[in-house]
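These values consider heavy atoms only, across backbone and side chains, with no hydrogens, waters or symmetry-generated copies. None of the values given here were measured: they were computed from a predicted structure. Labels below follow one simple rule: chain letters A, B, ... track the order of the sequence lines, proteins then strands, and each chain is numbered from 1.
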Amino acid sequence: GEEVAQTPKHLVRGEGQKAKLYCAPIKGHSYVFWYQQVLKNEFKFLISFQNENVFDETGMPKERFSAKCLPNSPCSLEIQATKLEDSAVYFCASSQFRKAYEQYFGPGTRLTVT
Amino acid sequence: AQTVTQSQPEMSVQEAETVTLSCTYDTSENNYYLFWYKQPPSRQMILVIRQEAYKQQNATENRFSVNFQKAAKSFSLKISDSQLGDTAMYFCAFTPPGAQKLVFGQGTRLTINP
């Protein structure tokens, strides 16, 4: 597609439940990025992929967060045992090979943990 | 650590006025990219303007221009003839070379008053 698609738009989970977010990058883009924007508007980089391979996962809280980009499937970001502080908007972005400076953002998924 | 600082949490101007948003960054790299993103209430991230560090000429996009001072590590955004639709959060961002991720500032909430 011509736009980065993210589903669902909103997600509500009780504390301790699992949350799974999806991202379909723009067709032909080989890089995918996940960012977390907390309610104070701060952005935090979580993880990036080059095709199905993890490129940089330095921002991932590894004990509860995991992510995948498999061929012919949307990329996913999964949070096991959600905590209140996971409430945020999660953005996915994609870019062409060797053009990581030109990232196109999806509309975001708002996760609310109650 | 590479950081981006936006020292103005909020700004407010009248329609048609010119406004300048400040951004400073810290890096030891010589080549990198700098960006200004606009985030309206819809939360969609919109790229406003991009500057390549090796280019001395300041980038411009219609009413938006930057003042890039590489030695001072400063990257301000000037919005001329401001319009009501410019009301949004504005984020300054930086891409370290090879890092394939964006580092964001804290954001400036800009309000254009009629």
Side-chain angles (χ1 to χ4, degrees), chain A residues 3-6 8-11 23 25-26 29-51 53-60 67 69 87-112, chain B residues 1-11 21 23 25 27 29 31-55 59 61 66 68 75 88-111:
Chain A
E3 297 180 339
V4 176
Q6 288 189 249
K9 200 170 183 178
H10 296 107
L11 191 57
C23 167
I26 292 172
H29 283 193
S30 50
Y31 284 105
V32 170
F33 309 83
W34 286 98
Y35 296 92
Q36 179 195 54
Q37 185 181 28
V38 295
L39 295 181
K40 287 171 106 177
N41 292 314
E42 291 177 17
F43 276 89
K44 178 186 174 186
F45 166 77
L46 294 175
I47 191 168
S48 62
F49 288 84
Q50 182 180 349
N51 297 312
N53 303 307
V54 174
F55 188 85
D56 182 350
E57 57 181 346
T58 52
M60 282 286 269
C69 277
S87 293
V89 180
Y90 291 83
F91 286 96
C92 173
S94 71
S95 71
Q96 293 180 350
F97 181 60
R98 293 189 180 175
K99 283 192 172 183
Y101 53 83
E102 199 168 279
Q103 294 184 23
Y104 294 83
F105 280 79
T109 292
R110 180 183 290 278
L111 172 65
T112 301
Chain B
Q2 286 146 334
T3 58
V4 178
T5 302
Q6 293 179 248
S7 57
Q8 304 150 313
E10 292 189 25
M11 294 190 73
L21 309 184
C23 172
Y25 57 94
T27 182
E29 303 288 345
N31 291 323
Y32 44 86
Y33 290 89
L34 292 158
F35 310 85
W36 279 98
Y37 280 90
K38 172 184 177 182
Q39 189 180 43
S42 67
R43 290 273 186 177
Q44 178 69 50
M45 291 293 282
I46 302 164
L47 178 63
V48 174
I49 201 163
R50 180 179 75 218
Q51 175 79 42
E52 297 160 59
Y54 62 86
K55 288 188 177 178
E61 287 287 342
V66 298
F68 174 46
F75 183 61
M89 286 288 294
Y90 286 81
F91 290 92
C92 180
F94 160 87
T95 296
Q100 311 290 353
K101 64 184 176 186
L102 292 168
V103 177
F104 286 91
Q106 305 91 325
T108 297
R109 185 178 302 279
L110 175 65
T111 302

Legend entry - Any residue meeting side-chain hydrogen bond (donor to acceptor under 3.5 Å, both in side chains) with Gln6(A), in chain and number order, not counting sequence neighbours: none
Inset, instruction - Identify, with sequence neighbours excluded, every residue that meets side-chain hydrogen bond (donor to acceptor under 3.5 Å, both in side chains) alongside Gln6(B). - result: Thr108(B)
Inset, instruction - Give the minimum heavy-atom separation between Asn41(A) and Arg43(B), together with the two atoms involved. - result: OD1-NH1, 3.7 Å
Part of [X] lying under 4.5 Å from any heavy atom of chain A:
X	result
Tyr37(B)	side chain
Glu52(B)	neither
Met45(B)	both

Inset, instruction - With side chain to side chain contact (heavy atoms under 4.5 Å, CB included) as the test, would you mind laying out the steps for Phe55(A) and Lys101(B) before giving the verdict? - result: CA-CA 10 Å; Phe55(A) 188 85; Lys101(B) 64 184 176 186; over 6 Å; no
Legend entry - Top of Phe91(A), Tyr101(A), Phe105(A) for chain B proximity - count of heavy-atom pairs under 4.5 angstrom: Tyr101(A)
Inset, instruction - Heavy-atom pairs under 4.5 Å with chain B are the metric here; pick the option from Gln37(A), Gln50(A), Arg110(A), Glu42(A) that has the most. - result: Gln37(A)
Inset, instruction - Go through the steps for Phe43(A) and Leu102(B) under the test side chain to side chain contact (heavy atoms under 4.5 Å, CB included), then give the verdict. - result: CA-CA 9 Å; Phe43(A) 276 89; Leu102(B) 292 168; over 6 Å; no
Legend entry - Ser95(A) versus chain B, the contacting section by heavy-atom distance below 4.5 Å: neither
Legend entry - Whether over 12 other heavy atoms sit under 6.0 Å from Arg50(B) CZ: yes
